[in-house]
Amino acid sequence: MTDELPELRASDADRERVAEILRDALTEGRLVMEEFDERLEATYKARTYGELEPITADLPAAAGPPAASARLSLRKDSGAPTAWSERIVSGTEGASAGVGILGGFQRKGRWTIGRRFTALCCMGGGEIDLREANFAGPEVVIDCWAIMGGVNIVVPPGVEVDVRGLGIMGGFDSAEDGVPGDPGAPRVIVKGLALMGGVNVERKLLKAERRRLKEEQRRLDAEEQGRRKELG
């Protein structure tokens, strides 16, 4: 990023580099969780270098290796790291559809999404949460048909999202479109039609990962307090 071109449009890779700096800063105890959440949200909303630069102005410029939250998922029961390869379960059919007509549907927690999943919402809503899900293949396609209704898709860090939907008097949120995925992580393609409705894609940390980061922050704070007492 550069001071001379603050209005130059930032790329998805630029936003992801800033996100990595924030994750490192959180792990090192430079940011508290509330600050991390606010800055990460601002990062993925930023459209220019000028908007990105203030987010890390008070942090070390060089980012270290990607944080564990980006490279790994977590087991729900123990919080132990799980490689992406363990969550791509080829040979399994998985769930293939969710329907919300004058009502709603929800897929969340430990479940398996099929290679092709159809979400139909007519005057209703649906939630597809992939943060703890397994994937029936390295690439899954979600066909969304939101007619006077809405579909919300939640993906964890590290998953690549490709949004190809069409909105007519409605919209497809493409803020996460094109963010680079981690090596070996699944790819999610979102297609379909939003007619007087909407399809939203958002990226969130797992609850277990948020707890782990908070515990790590408390540990770092305790170590820092111990060092200050020794020096005092």
Side-chain angles (χ1 to χ4, degrees), residues 12 15-16 19 37 40-45 69-70 72-74 76 82 84 87-89 92-182 184-210:
D12 290 324
R15 283 184 284 272
E16 192 59 29
D37 287 341
L40 189 64
E41 182 179 1
T43 296
Y44 286 124
K45 288 182 178 179
S69 60
L72 303 172
S73 58
L74 296 177
K76 183 178 180 181
T82 304
W84 281 118
R87 290 180 59 180
I88 299 176
V89 287
T92 303
E93 290 188 6
S96 61
V99 179
I101 300 177
L102 295 173
F105 75 87
Q106 187 178 71
R107 298 286 186 274
K108 63 184 300 184
R110 299 296 290 179
W111 66 293
T112 301
I113 184 171
R115 286 178 174 268
R116 197 167 198 104
F117 185 94
T118 300
L120 172 61
C121 292
C122 180
M123 299 182 70
E127 180 180 2
I128 303 171
D129 191 336
L130 301 177
R131 289 176 293 176
E132 297 175 343
N134 290 327
F135 299 78
E139 181 176 282
V140 300
V141 178
I142 302 178
D143 289 304
C144 298
W145 304 95
I147 304 170
M148 298 179 68
V151 179
N152 187 55
I153 301 170
V154 184
V155 299
V159 172
E160 180 183 356
V161 181
D162 183 358
V163 181
R164 306 177 184 175
L166 173 65
I168 300 177
M169 297 181 69
F172 265 78
D173 180 9
S174 59
E176 299 298 338
D177 190 17
V179 175
D182 292 338
R187 182 167 181 253
V188 177
I189 299 175
V190 182
K191 303 170 62 177
L193 173 68
L195 177 62
M196 299 180 69
V199 176
N200 178 61
V201 182
E202 58 182 333
R203 195 180 300 272
K204 290 183 178 180
L205 290 170
L206 292 165
K207 292 181 179 179
E209 176 67 353
R210 289 174 63 89

task: Please answer whether the main-chain N or O of Pro138 pairs with a side-chain N or O of Arg187 as donor and acceptor at a distance below 3.5 Å.
output: no

Which atom of Ile128 lies closest to which atom of Phe117, heavy atoms considered: CD1-CE2, 3.7 Å

query: Does Arg116 reach the main-chain N or O of Ala97 with its side chain, forming a donor-acceptor pair under 3.5 Å?
result: no

Nearest non-hydrogen partners of Ala146 and Val199, listed with the distance: CB-CG2, 4.2 Å

field: Approximate separation, where rounding is to 0.5 Å, of Leu120 CG and Ile101 CD1
entry: 5.0 Å

- prompt: Which value, rounded to the nearest 0.5 Å, describes the distance between Lys191 atom NZ and Ile142 atom CD1?
  reply: 12.0 Å

field: Donor-acceptor pair, side chain of Trp111 and main chain of Asp129, under 3.5 angstrom
entry: yes

- prompt: If you look at every heavy atom in Ala19 and Tyr44, which pair is closest and at what distance?
  reply: CB-OH, 3.6 Å

task: State, with a plain yes or no, whether a side-chain heavy atom of Val190 is found less than 4.5 Å away from one of Cys144.
output: yes

- prompt: Side chains of Thr92 and Asn134: closer than 4.5 Å at any heavy-atom pair?
  reply: no

query: Rounded to the nearest 0.5 Å, how far does SG of Cys122 lie from CG of Leu195?
result: 9.5 Å

task: Sort and list the pairs that fulfil salt bridge (Lys or Arg N to Asp or Glu O under 4.0 Å) and have at least one residue in residues 163-172, not counting sequence neighbours.
output: Asp162-Arg164

- prompt: Quick one: does Val159's side chain get under 4.5 Å of Trp84's, heavy atoms only?
  reply: yes

Under 3.5 Å: donor-acceptor pair, side chain of Arg87, backbone of Phe135: no

statement: Smallest heavy-atom separation, Val163 atom then Asp173 atom, equals CG2-O, 3.9 Å

message: To check you understand the geometry: which heavy-atom pair defines the closest contact between Cys121 and Gly126, and what is its length?
response: SG-N, 3.4 Å

field: Atom of Ala136, atom of Glu93 and distance for their closest heavy-atom approach
entry: CB-O, 3.8 Å

message: Distance check, rounded to the nearest 0.5 Å: Ile153 atom CD1 versus Arg107 atom CZ?
response: 13.0 Å

